[in-house]
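To keep things clear, I will list the structure first and then write my remarks on it.
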Amino acid sequence: MGKFYITTPIYYVNAKPHLGHAYTSIIADALNRFHLLMGDECFFLTGTDEHGDKIVKSAEANGQTPKEFVDEISGLFRNLWSDLDVKYSKFIRTTDAKHKACVQEILQRVYDNGDIYFDEYGGHYCVGCERFLTEKELVNGKCPEHDIEPEYIAEKNYFFRMSKYQDWLIDHINRNPDFIRPSQYRKEVLSLLESGALDDLCISRPKSRLTWGIELPFDDDFVCYVWFDALINYLSALGYPNGGNYEKFWPVANHLVAKDILKPHAIFWPTMLKAAGIDVYQRLNVHGYWLVKDTKMSKSLGNVIEPLKMMETYGLNAFRYFLLREMGFGSDSSFSEDALVGRLNADLANDLGNLFNRTLSMTHKYFGGKIPCPGDEGAEDAEIKKLGRDALTRYQESFLEMKFSVGLESLWELVRGLNKYIDETAPWTLYKNKDMSRLSTVMYVMLENMRKIAVHLWPVMPDASVKMLGQLGIVFDAEKVNLSKELDVWGLLESNVQVAEFSNLFPRVEVEKASHAGPAKKNGNAKDNGSGLVDFEDFQKLDLRVGTVVKVEKHPDADKLLIVQVDIGEDEVRQVVAGLAEFYSPEDLKGRQVVVVANLKPRKLRKQLSQGMILAVKDAKGMKLLTSTEQVVNGSKVS
RNA sequence: GGCGAGGUAGCUCAGUCGGUUAGAGCAUACGGCUCAUAUCCGUAGUGUCGGGGGUUCAAUUCCCUCCCUCGCUACCA
């Protein structure tokens, strides 16, 4: 059995969680779920980083003690992961007692090893900034922000002999091309290491300046520098130096970080491990930023997208799918509501959702909802099965390489292939011709492929996947799934099992497209409320009028459509193509008063122009027209 | 300034270890089907593959140079 250990950074709790945090955690979760389905034994670690200067300041600003403050924010993160279906194995906090003990253990080992020394460090300390400023930051010898001349303070501190391990690290990266990926970050780290001599790292802060941290085991006048403390969480969470988890999972440790913390993870951390006599982690996986209007998201710019808000508006499934599908791993990507809606409508609603729904619907029409027994397979079936095997193989390979976007694109080749397969096999014709044997095979091929797709989607959209499988009459059990076997196994779907009558997991959403042509419109924020409510002005945009049907004929090229001429008080009657033929005969309709949407954009329906829409209401029994309780003048407005 | 990434169809991007007509999705137009959520399938496209130069029988792909965008990093007096 394989093993897999994935970590997110421990998020710094000086501010609330944002989209960047959500993205990292969601890919970690997707990877973890993927490896679970591949049959690996997995450990997924996340948590919060709660020490350091900034935390103390943020707490003070909130009128709280550091402990109260971090408890609150840490809780926010945990709640968010629960809302995003992020299922971690452990949530670590750097204020945990076990973590502190582990940090001290490692510090002591490095100290005993002779790689920590005590030295004087001098610099320009600004009391306003509460930190040392570099020569370059000074303007006319003053701190530009506080306009005061910084004090020159000589301070004694402990330093980690990081420079000693520079050559070893360069060598290690060269020998292990996968150590840092994607490769652009590997190159960046190498050039950083090769260009200049690595400085030693200051790893202490005197308690006179900062008390909120972990004490150095060899000098209780100092606390540990926050990065040194934080990185060790990846080990302390496994119970290092004790415990089976360390031995089991550390050799397969995969760190996942955003590119802004590349340096601590790619340089500080491996050299720390080396100095402590611990093997380095297996891989560092680096992702890019989500940009909002081409600017990196930041709280101060006020363009932070609340992850929860997007999730509430469009659903968790679409949100997770979008994040994984849209961003090439390692590069930056733009986040926009339009793009999210585009993916939701095109990929999820039109392609996948509709495919699934039409499959279930046909199973009901032709087989009373029971999965049929397949007959002999023909060339078309062999072809789609091969397409499926290839697509799923690429999907799995891509996920192993963190290429989620490529993987999902491959999976959709199968989705599109199946839509085409339906078109070509035309089950409705087989049914009409009473070719039930062939029809059974075709429907079984569809249903079995839907099962395979649903299972593969579990890492990305766990909720939708479980629901899809449920609608196929399967109770999802991660233990029983093995994705690698899925490539060669066919026919796990049992015949005669009842499936759902329909599925609407991904309803289309209609969002008024933001104008790309000109400047932002006055009411550009109309869709921003996210509540699904419309303003009265929006309602007023609809021109609803009562009119009398003067003439009706059947649509020559469609079974369900009627061509209706309605007098809505204008010089000319309106022609409206309506989907009423199954419920009303032309004779029934003529002379009735109906409600018409008069300013609907004209559209051709099977070659016939339709200049409006007749309002009706549909329930299980059929379709009923809407009208006024009394006769009114044609053209009267509905309000 | 150095290093890295990128500049490919209207948009978002894939791709080419040099080789017959450069791809996908979205958007657009037209056609087809009716099982389906105004969904699906098909057809049609357009691209001096950032500019210029070089190597080659052949370059979008290799080399040089320049321009633009982004990131990291250093400050060259």
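To find a chain, count down the sequence lines: A is the first, B the second, and so on, and within it residues start at 1. All values below were derived from every heavy atom in this structure, side-chain atoms included, with hydrogens, water molecules and symmetry-related copies excluded.
Whole-Å rounding puts the A:Y289 OH to B:U69 C1' distance at 17 Å. One can place CG of A:L352 at 18 Å from P of B:A36, the figure rounded to the nearest angstrom. Between A:K187 atom NZ and B:C70 atom C1' there is a gap of 17 Å when expressed in whole angstrom units. Taking atom CZ on A:R394 and atom P on B:G15, their separation rounds to 13 Å, with Å as the unit. One interatomic measurement links the two molecules: CE of A:M443 to P of B:C35, which rounds to 12 Å at whole-angstrom precision. Rounded to a whole Å, the NE2 atom of A:H287 is 17 Å from the P atom of B:G71. Atom CG of A:L355 is separated from atom P of B:C33 by 21 Å (rounded to the nearest Å). For the pair A:I180 CD1 and B:C3 P, the interatomic distance rounds to 19 Å; values are reported in whole Å.
Taking atom P in both B:A5 and B:C64, one finds a spacing of 14 Å when rounded to whole Å. B:C62 and B:C49 are spaced 16 Å apart, taking the C1' atom of each and rounding to whole Å. For the P atom pair drawn from B:C63 and B:G7, the interatomic distance equals 15 Å after rounding to whole Å. Here, B:U8 and B:U69 have their C1' atoms 16 Å apart, quoted to the whole Å. Straight-line distance between the P atoms of B:C57 and B:U43: roughly 40 Å, to the nearest whole Å. Taking the C1' atoms as reference points, B:G31 lies 46 Å from B:U56, given to the whole Å. On the P atoms, B:U16 is 14 Å away from B:G23, given to the nearest whole Å. Taking atom C1' in both B:A59 and B:G51, one finds a spacing of 16 Å when rounded to whole Å.
Listed nucleotides: B:U12, B:G71, B:C72. Nearest to the side chain of A:E326: B:U12. With B:C26, B:G4, B:C35 as the candidates, the nucleotide lying closest to the side chain of A:Y366 is B:C35. Relative to the side chain of A:K420, the nucleotides B:G42, B:U12, B:C35 differ in distance, and B:G42 lies closest. In this structure, the nucleotide among B:A36, B:U37, B:G42 sitting nearest to the side chain of A:N354 is B:A36. Of the listed nucleotides (B:G4, B:G32, B:U37), B:G32 has the atom at the smallest distance from the side chain of A:D423. Looking at the side chain of A:D351, the nearest of the listed nucleotides B:C40, B:U37, B:A5 is B:C40. In this structure, the nucleotide among B:C26, B:C35, B:G25 sitting nearest to the side chain of A:I422 is B:C35. Closest contact between the side chain of A:R508 and the listed nucleotides B:G4, B:U37, B:C26 involves B:U37. Distances were taken from every side-chain heavy atom of A:N504 (C-beta onward) to each of B:C26, B:G4, B:U37; the shortest belongs to B:U37. The side chain of A:N419 sits closest to B:C41 out of B:G4, B:C70, B:C41.
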Assess whether salt bridge (charged side-chain N to carboxylate O under 4.0 Å, His left out) is satisfied between A:K467 and A:D463, documenting all intermediate values.
CA-CA 6 Å; A:K467 282 182 181 153; A:D463 172 64; 3.3 Å; yes

Quick one: do A:E383 and A:Y421 satisfy side chain to side chain donor-acceptor pair (under 3.5 Å)? Show the steps, please.
CA-CA 9 Å; A:E383 199 178 320; A:Y421 175 78; over 6 Å; no

Salt bridge (charged side-chain N to carboxylate O under 4.0 Å, His left out), that's the test. Do A:E413 and A:K420 meet it? Break it down for me.
CA-CA 10 Å; A:E413 278 172 29; A:K420 190 171 178 175; over 6 Å; no

Salt bridge (charged side-chain N to carboxylate O under 4.0 Å, His left out), that's the test. Do A:E409 and A:K403 meet it? Break it down for me.
CA-CA 10 Å; A:E409 170 66 28; A:K403 296 176 178 170; over 6 Å; no

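Counting heavy atoms from C-beta outward, A:E326 and A:L408 have side chains that stay 4.5 Å or more apart. Taking the side chain as every heavy atom from C-beta outward, A:M362 and A:W428 approach each other to under 4.5 Å. With a 4.5 Å cut-off on side-chain heavy atoms, A:M468 and A:M461 do not count as touching.
The nearest heavy atom of RNA chain B to A:V406 and to A:R325 marks one nucleotide each, and the one closer to the 5' end goes with A:V406. Along RNA chain B, the nucleotide nearest A:D332 and the nucleotide nearest A:G417 are compared for position; the residue whose nucleotide lies closer to the 5' end is A:G417.
Across all strands shown, A:N350 has heavy atoms under 4.0 Å from sugar-phosphate atoms exclusively, and none from any base. Nucleic acid contact for A:E413: none, since no nucleic acid atom lies under 4.0 Å from a heavy atom of the residue. If you check every strand for non-hydrogen atoms under 4.0 Å, A:F506 touches a base. Note on A:G342: nothing from the nucleic acid sits closer than 4.0 angstrom, heavy atoms only. Nucleic acid contact class of A:T359 (heavy atoms, under 4.0 Å, all strands): none.
Side-chain atoms of A:N357 stay outside donor-acceptor range of the base of B:A36, with no qualifying N/O pair under 3.5 Å.
The shortest distance between the side-chain N/O atoms of A:K365 and the OP1/OP2 oxygens of B:A36 is below 4.0 Å. Taking side-chain N and O atoms only, A:R416 has no distance below 4.0 Å to OP1 or OP2 of B:C41.
Test A:M446, A:H364, A:Q471 against A:T359 for side-chain contact (heavy atoms from CB on, under 4.5 Å) and you get one pass: A:M446.
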Just to be sure I follow the notation: if a pair is Watson-Crick (purine N1 to pyrimidine N3 plus N6-O4 or O6-N4) or a G-U wobble (N1-O2 and O6-N3), each under 3.5 Å, what dot-bracket string does RNA chain B give, with | for pairs to another strand?
(((((((..((((.....[...)))).(((((.......))))).....(((((..]....))))))))))))....

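Under a 3.5 Å cut-off, the side chain of A:E377 and the backbone N or O of A:A382 do not form any donor-acceptor pair.
Using modelled atom types, one finds a donor on one side chain and an acceptor on the other under 3.5 Å when comparing A:S163 with A:D200.
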